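Here's the structure we're looking at; comments come further down.
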Amino acid sequence: MSDYERIARAIQYLRSHTGDQPSLAAVAEHVHLSEYHFQRLFRRWAGVTPKRYLQALTLARAKQLLADSRRSLLATSDELGLSSSSRLYDHFVQLEAVTPSEFRQRGAGMTITWGVHATPFGPAFVALTPKGVCQFEFVAPAQPQAPLQRLLDLWHQARVVEDQPGTAWVVARLLAAPAEDGAPLSLWVQGTNFQVQVWRALLQLAPGHLASYRDVAVAIGHPTAARAVGTAIGANPVALAIPCHRVLRQGGELGGYRWGETRKQAILARELARADAPDLTSA
């Protein structure tokens, strides 16, 4: 069993017993580890203890973060405008949309490299074009070839080549804290105008900040389109870089996630715990 599988089981247990605030011993027993080894594994994986991790994403904490982040998301939208090329996090991630002409060509004359890499959240499929990352998704054990097939179906005129060494840096970059002096990560994504607008709005959400589906809808000027926003978020082709995991339901509940709610909670709680690291390093 991989570290992520053990952590996923622990998170599922914590989610179903949140009201009981289960002890370290109870969670360790559930994943068939000693308290000592479970504590070490969890701290290595999340950077904090299981107890602090659980505190990082209680419903009350989520509601507080939603309230705080809503102001920052809307303020950023008002100040910059979503059509602006100078977004708050442009020095971290740059998103370019596939043009209609490029989409019609279906990758003709282009080489796309791909690889599958280990992450703390399970194996991830990465596809890279000369214009940027076009696909990053977590691999379902029951359908290991599905991400590659989606790539081939969308860009069937391209030369598609497996390149593990050449795509590994993308995973390292997405899992690392953004560097102020680093080159932006370029994304090249295909979507409708509405989808791209939603994805650009999500780039305003820094680690440790959350928004509701309605918040995003308001930020892009379509306050009644929360359901459509949810659909656009579900179509996100680049996990982690376009942080759809930072969007929750209005009441603070997790909501759905294309790659599974347990994985969403794993990613989000790890981010929140690390964002709160000065206050959450003990206990």
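As the structure is a prediction and not an experimental result, all values here were calculated from the model. All residue numbers refer to positions in the sequence shown, counting from 1.
Side-chain N/O atoms of Gln265 and Thr262 include no donor and acceptor closer than 3.5 Å. Gln197 and Asn193 share no donor-acceptor pair across their side chains, judged by distance under 3.5 Å alone. Side chains of Glu271 and His245: a donor on one and an acceptor on the other come within 3.5 Å. Checked by atom type, the side-chain pair Gln143/Gln145 shows no donor-acceptor distance below 3.5 Å.
The main-chain N or O of Val139 is never found under 3.5 Å from a side-chain atom of Trp259 such that the two would form a donor-acceptor pair.
Across all non-hydrogen atoms, the minimal contact from Leu203 to Ile242 is CD2-CA, 4.3 Å. Of all the heavy atoms in Trp188 and Lys131, the pair that sits closest is NE1-CD, 3.4 Å. Heavy atoms only, all atoms of each residue included: Ala235 and Gln195 are closest at CB-NE2, 3.5 Å. A pairwise comparison of heavy atoms in Arg9 and His32 identifies NH1-CD2, 3.7 Å as the closest pair.
No single ILVMFWY cluster, assembled from side-chain heavy atoms under 4.5 Å apart, contains both Leu148 and Phe136. Hydrophobic clustering (side-chain heavy atoms under 4.5 Å, transitive across Ile, Leu, Val, Met, Phe, Trp, Tyr) groups Val189 together with Leu128.
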- request: Check the pair Leu248, Ser212 against side chain to side chain contact (heavy atoms under 4.5 Å, CB included), reporting the backbone distance first and the verdict last.
  value: CA-CA 5 Å; Leu248 307 182; Ser212 70; 5.9 Å; no

- prompt: Between His117 and Phe125, is a ring-ring contact (aromatic ring centres under 6.0 Å, His included) present by the stated rule, with each step listed?
  reply: CA-CA 7 Å; His117 303 275; Phe125 177 91; 9.4 Å; no

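Taking the centre and axis of the six-membered ring of Phe138, the NZ or CZ atom of Arg263 falls inside the cone set by 45° and 6.0 Å. Remark: Arg40 is not positioned above the aromatic ring of Phe42, lacking an NZ or CZ atom under 6.0 angstrom from the ring centre and at most 45 degrees off the axis.
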